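Structure first, then comments.
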Amino acid sequence: MTQVADIARAVPVAIPNQLPPAQEPTPVLTPPKPSATHPKQRRQTSWGKTHSLTQNGAEVVASLTDWMEAEIVPMLKDPSTNWQPADFLPDPSSDDFLARVADLRARSAGIPDDVLVCLVGDMVSEEALPTYLTMLNTLDVTRDESGASVTPWAVWGRGWAAEENRHGDALQQYLYLTGRVDMQAVQRTTQYLIGSGMDPKTENNPYLGFIYTSFQERATFVSHGATARLARSAGDSVLAKLCGTIAADERRHETAYKKIIGKCFDLDPNGATMAFGDMMQKQITMPAHYMFDGKSETLFKDFSEVAQKVGVYTARDYADIVEHLVRFWKVEERSGLSPEAEAMQDYLCRLPARVSALGDRLAAKAKKKPGRQSARFSWIFNREVPLL
Ligand SMILES: [Fe+2]
Ligand SMILES: [Fe+2]
């Protein structure tokens, strides 16, 4: 049988000397159509830097192609045996469908509004999956050049997206059946978010792109795990199991992306250290930062504050992820670095303590000088949710 790597060798994943030159931020010539995007995005005046991958970096990433096929592609699950959203939902073809829906509604009746807001926010973030595959396919060397390319990078990207697609589907169908959320408002938010896209500041650079996905997959593992615990304590064990199952997928994806960057660190410690430091200095923007329901410009901020309040995703989690990645990629132990990379290594090794202290300071400041006490969410029929 022809292996993916054989085809990849015949059709190289990238021709490094044809990398587009790095470009500085470009002014926006035509603002996006107002109707489809977040208002903040309409006011944006520049795009970020593009195509920052170096020639050496391109060669390093291209050299990982066979390893990618052997080690990472097999981490994808077989769709014939993998879990599906239907496994967690009442079977509409069964005679007791309506009774099962009634059970589901009874189970979910006790979920507090703040947890519902977190579930919806997580679900909308998952539903913007077209954006995330687009983002993966902006990356030089690894992008899927045809839409059905058989390079291990492209096979992984599509397989990853296909697995992720179940997350939004499952949560949306579950939440629909609970009758607890305004589905029109929720679906409108998803449409806006996909229309807005995202700006992870990854510059078409696979080093930056896979550092970003390593961070994000871990963040989603943390947040789905936390919603699982909250759903269980609110009395919905099926929803808890669903969130826990999603969290397990996120953890597997996190492992894959971290391994890719681990390889970059081994082969190109200077480039990987600089890239990791660069992403940390820019800070990791959440994928749903352009979230908008057509009314509230502060929707994402409000959702993030509720998530922080109930412990679904907190400043402490951000600091823990930074610390975990610094340790996992053995940043401190990397030797023979250039003076520039050595300075970045120093910055990265001090970063977990700094981020964690900053989180504590911000929390103390918020306590002393509280801002808004609550926010209304269209997702739950404009009910008010405390932010503090
Ligand atoms: Fe996901
Ligand atoms: Fe994910």
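All values reported here derive from a predicted model rather than from experimental measurement. Every number for a ligand or one of its atoms is a count from 1 in the order of the listing.
Atom CH2 of Trp160 is separated from atom CD of Glu164 by 5.0 Å, given to the nearest 0.5 angstrom.
At most 12 heavy atoms of other shown residues, nucleotides or ligands fall within 6.0 angstrom of atom CD in Glu340. Counting heavy atoms of neighbouring residues, nucleotides and ligands inside a 6.0 Å radius, atom CZ of Arg350 does not exceed 12 of them.
Excluding water, every protein N/O/S atom under 2.8 Å from the Fe ion (ligand 1) is given here by residue and atom: Glu126 OE1, Glu126 OE2, Glu164 OE1, His167 ND1, Glu250 OE2.
Of the candidates Asp87, Leu171, Asp236, Leu171 is the only one forming a side-chain contact (heavy atoms from CB on, under 4.5 Å) with Leu242.
Under the 4.5 Å side-chain criterion, counting only non-hydrogen atoms from C-beta, Cys243 is in contact with Leu119.
Checked by atom type and distance alone, the side chain of Tyr257 never pairs as donor or acceptor with a backbone atom of Gly209 at under 3.5 Å.
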